[in-house]
Structures are given as C-alpha cells and as structure tokens.
Amino acid sequence: MSFIEFVHRAIDLLPVLARFAIMMALILAIPRIARALRIPVVVGLLLSGVLLGPHMLDVFPRDHPVAEFFSNLGMLLLMFFAGWEIDLDLFRQKIFRSLVFGLATTAIPLVFGTLAARWLGYPVLPAIVVGSLLASHTLLALPIVTALGVQRQEAIVVAIGATMMSDTLSLLVFAVCVPMYVSGFSASALVIQVAEIVAFVVFVLAGLSRAAGYVLHKVENDEETYFVLMLGILAVTALLAQYINLPGIVGTFMAGLAVNAAVKDKPAKSKLEFMGTTLFIPIFFVVTGFLIDPLALARSLSEDALLAGGIIAALLLGKWIAAQSCGRAFGYAPAARRTMWALTLPQVAATLAAALVATKTFNAAGQPLLDTRMFNGVLIIVLVTSILGPLLVQRFAPAMAGSATRVRAVRGSAG
C-alpha cells in the first residue's frame, strides 16, 4: 500500500464531526498563515479547499449537502453585506456611474469573449455563452477592501453597484441563448424575462425597502427577532431572484441596499456580520476550492493552452478597458482604476453556475452547449482569476487607503 492510499483510507475513516473540526481549524489557521506569507486570506482559503477537496486529499466529499448549504449561505451573505455597506447617499449621487461602468464591464468582455470563442472554432451561440460567462464577476476580494477601510470610496461603491447590472445582464444573455440552442429563438420568452427583472428590481428597491424598514423599526428592541428577520429577508429575495432565473446573489445584493438605512448601527447587524465573516463566508471560499481539479487543469493547460490563454486574455483585456475607460471618464486616480479592474476579475459564483447549466444543455443533435474542452477552460479562468483578482486588489487598494488618509489630513488642517 502506497503512502497516498494509506492517507486516503485513514481519511475515509474520519467521522463527520472530525471533518467539521478540520474545517473549523482551517478557518482559524488559514488567515494567520496567509498573513504570514503575505498573500490574501481569500487565496489561502481557496488553495486549502483545493488541497483538502475531493480532487486531492478528499477530506471533504464532493457535493455534500451541508457544505453546499453553508457555502451558498456564505455567498449570499457576502453580497447582502456588500449592499448594506454601501454609502447610500454617495450611491444615489453616483448611480449613473454604477450603471455606466456595469454596462461597460459587461459588454466589453462579452464581445471579446465571443470573438475569442469564435476564433477558437466555436459556433455562434456557444461563443456568445462563453462571452456571457466572462461578462459577470464575483466580488471575491470584497473582504480585502473592507479590511483596508476603502469600501465607502466612490470607485469601490461604483464597482460594487456595477455588479448588480453585470450579473443581471450576463445572465439575461445566457437565458436567451439556452432556449435558442435547445429549440430556437422565442421573442415572447425574452420579453417575459426582461419584464420579470424590471418588476423584481422595483419590488425590492421600492416595496421591500419600505416594508422591511417599517417592520425592522417595530422590532428594533427585540434583537433576536431583528436577527431572524434579516436572515428571512435574505432568503426570500434570493428565492425570488432564482424564481425568475436570476442568480440569488443579485437578489441579496439588492436586499442589502433595501435595508441599508434601516439596519445602520443596530446590534443585530454587527452580530450577523460577525457570524457571516467568521464562519459562512470563509466556508464559501473553501468549498469553491473543492471545484478545482488541479490535475485536469494542468492537462488542459498543457494540451489546450491556446484556448485557456485566449479566453483569459479576452477577460483581462475586456475588464481592463472597461475599468480604465470609465475610471478616466469619472476622474479616478490610477490606483482606483486598477482596483476597480481587479475587483471585477474573479469569475466564481455566477460563472460556475451558468457553465454547469450549459454543460447539461443539449440541442436536438445531442451536443452540449459547452463541451468538456471549454468547461475545463472555464475552470482555469475560475482558478486564475480567483487568485489573481484578490492578489491585485491587495496590491492596488492600499494606495487608495493612503490617498484617503491624505485627503482627510488636508481637510483637517484646512479646517
């Protein structure tokens, strides 16, 4: 028996509570190790997920329902917190900029990704799907900018606000392509989807905002009820978003915006943040690492480097042009423009979800919308961007923090 086989057999004998203890030890130890190695904590959690996931040591099995639930809750909480951490006064002042940047960081990578896939020999519809996968992004490095205290700066608010439009538009393109690939184009289905999205946004940002503010105000002295109501709002908005074929993260982000003013400075808010940032959000990053098969990715890189390089280049260039062009037009400093670019690079949640659906979508001839070759390419993008994005944010964002400090000092001396 080889050493590897011995390790795997020993791991197979681990009880569930022992595996849970290992996960808790990871959440406790990885941030300290990552800081010692001077790498982002997010990267450390992702790599630990790769090491202990089903493709390597197999400490944690694939598709375990408890791990999946914790991970999904962490992803939803991440976007919920992103919504309520936004400075609403600044967001209202800069909503036009969020919409412009959201459109740019969606459309440009979509076009570049589609052209790259066509260049690689893919038909039109699968090529557009590849472009739509590159158009969205996951705010994987949001904890880094939060830790640095720059999450309320205008460039960050604009980048976070653009996420809602980016995920919505990219999924809308994807939702149009899937039925067309299976059975042909349907104008009525497209009209219905757009109408549902508009109604959902109005309902959450107008109706839910007022209703939640009223109810939360009534129970603000009952901390337990307040806490449970916030979780209920998160769950309901995520379910409603999924019901109309939107990612749950779009719903929870808008829910965070809706309750932003109501939950400010409330004790239950800080307790929910504590629970999310210390348990569920780290689990989300670790479980994301489970999806990465390093051997399969290595084979894809060696056997099909052109595909991986082409779509990664399309993503990097498309997001760079969007951040630089919009950032310059808005008058942002170079550090802010680079941080916006780095924030919009990671392709995790919406990208993986859509890619998995595409591999299980077949046309009349039995051909998948995305083949194994391209799916491996998508996994390479997930691995590269989930590491590169946080690393670049860690590099660029401190300059924003330094400039903010200098501005405050100048204002203080002027006063």
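Positions are given from 1, in the same order as the sequence printed here.
When all heavy atoms of Ser136 and Thr351 are compared, the pair lying nearest together is OG-OG1, 3.4 Å. Nearest approach of Ala314 to Ala116, heavy atoms of both residues: CB-CB, 4.1 Å. Across all non-hydrogen atoms, the minimal contact from Ser166 to Lys319 is OG-NZ, 4.3 Å. Of all heavy-atom pairs spanning Leu343 and Ala159, the tightest one is CD1-CB, 4.1 Å. Scanning all heavy atoms of the two residues, the minimum distance from Ala155 to Met400 falls at CB-CE, 4.2 Å. Residue Gly83 comes nearest to Leu257 through the heavy atom pair O-CD2, 3.5 Å, listed as atom of the first residue, atom of the second, then distance.
In this structure a side-chain-to-backbone donor-acceptor pair under 3.5 Å is missing from Ser209 to Ala206. Between the side chain of Thr105 and the main chain of Phe101, no donor-acceptor pair closer than 3.5 Å is present. With Ser71 contributing its side chain and Ile283 its backbone, the two residues share no donor-acceptor pair below 3.5 Å.
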**Q.** Evaluation steps, side-chain contact (heavy atoms from CB on, under 4.5 Å), between Met230 and Val263
**A.** CA-CA 9 Å; Met230 285 193 292; Val263 302; 3.8 Å; yes

Q.
The test is side-chain contact (heavy atoms from CB on, under 4.5 Å); show your working for Ile321 and Phe112 and say whether it passes.
A. CA-CA 11 Å; Ile321 291 174; Phe112 281 21; 3.7 Å; yes

Q.
Determine whether Phe174 and Val357 satisfy the following criterion, side-chain contact (heavy atoms from CB on, under 4.5 Å), listing intermediate values before the conclusion.
A. CA-CA 10 Å; Phe174 181 77; Val357 171; 3.9 Å; yes

Q: Start with the C-alpha distance between Glu220 and Leu216, add both sets of side-chain angles, then the distance that settles side-chain contact (heavy atoms from CB on, under 4.5 Å), and finish with yes or no.
A: CA-CA 6 Å; Glu220 63 182 357; Leu216 290 173; over 6 Å; no

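When the shell of 6.0 Å around CG of Leu37 is examined, it contains more than 12 heavy atoms from other residues, nucleotides or ligands. Counting non-hydrogen atoms of neighbouring residues, nucleotides and ligands closer than 6.0 angstrom, the CZ atom of Phe20 reaches no more than 12 such neighbours.
Met75 places none of its side-chain heavy atoms less than 4.5 Å from the side chain of Thr138. Contact check for Asp167 versus Phe253: no side-chain heavy atoms found under the 4.5 Å cut-off. Counting heavy atoms from C-beta outward, Leu148 and Pro398 have side chains that approach closer than 4.5 Å. In this structure the side chain of Phe285 never reaches within 4.5 angstrom of the side chain of Ile30, judged on heavy atoms. At least one side-chain heavy atom of Met79 sits under 4.5 Å from a side-chain heavy atom of Leu139. Here the side chains of Glu68 and Pro65 are not in contact, with every heavy-atom distance at 4.5 Å or above. The side-chain heavy atoms of Met340 and Phe396, taken from C-beta on, include no pair separated by under 4.5 Å. Side-chain contact between Arg97 and Cys326: absent, with no pair of heavy atoms (C-beta onward) separated by less than 4.5 Å.
Not a single side chain to side chain donor-acceptor pair (under 3.5 Å) links Thr339 to another residue, sequence neighbours left out. Remark: Thr277 engages Phe81, Ile281 in a side chain to side chain contact (heavy atoms under 4.5 Å, CB included) (not counting sequence neighbours). Legend: residues meeting side chain to side chain contact (heavy atoms under 4.5 Å, CB included) with Val236, ordered by chain and number and at least two apart, are Leu240. Looking at residues two or more places apart in sequence or on another chain, you find a side chain to side chain donor-acceptor pair (under 3.5 Å) between Lys271 and Glu223. The side chain to side chain contact (heavy atoms under 4.5 Å, CB included) check on Arg395 picks up nothing, with sequence neighbours excluded. Residues satisfying the side chain to side chain donor-acceptor pair (under 3.5 Å) criterion with Thr225, sequence neighbours excluded, are Asp222. For Pro31, the side chain to side chain contact (heavy atoms under 4.5 Å, CB included) partners two or more places apart in sequence, or in a different chain, are Arg35, Val41. Residues meeting the ring pair (Phe, Tyr, Trp, His ring centres under 6.0 Å) test with Phe280, sequence neighbours left out: Phe70.
Atom CG of residue Leu45 and atom CD1 of residue Ile27 lie 7.5 Å apart, to the nearest 0.5 angstrom. With rounding to the nearest 0.5 angstrom, the OG1 atom of Thr106 is 7.5 Å from the CE atom of Met165. Residue Phe284 holds its CZ atom at 11.5 Å from CG of Leu73, rounded to the nearest 0.5 Å. Of the inter-residue distances, the one linking Leu120 atom CG with Leu115 atom CG reads 11.0 Å to the nearest 0.5 angstrom. Rounding to the nearest 0.5 angstrom, the gap separating the CG atom in Leu134 from the CG atom in Leu345 is 11.0 Å. How far CD1 of Ile380 is from CD1 of Ile312: 6.5 Å, rounded to the nearest 0.5 Å.
Listed by first then second residue, pairs satisfying ring-ring contact (aromatic ring centres under 6.0 Å, His included) with a partner in residues 316-340 read Trp320-Trp341, Phe330-Tyr332, not counting sequence neighbours. Residues in residues 201-232 take part in no ring-ring contact (aromatic ring centres under 6.0 Å, His included) pair, two or more places apart or across chains. The side chain to side chain donor-acceptor pair (under 3.5 Å) contacts involving residues 371-384 comprise Tyr122-Asp371, Ser300-Asn376, Asp304-Arg373, where partners must be two or more places apart or lie in separate chains. Legend: ring-ring contact (aromatic ring centres under 6.0 Å, His included) pairs involving residues 228-247, not counting sequence neighbours: none detected.
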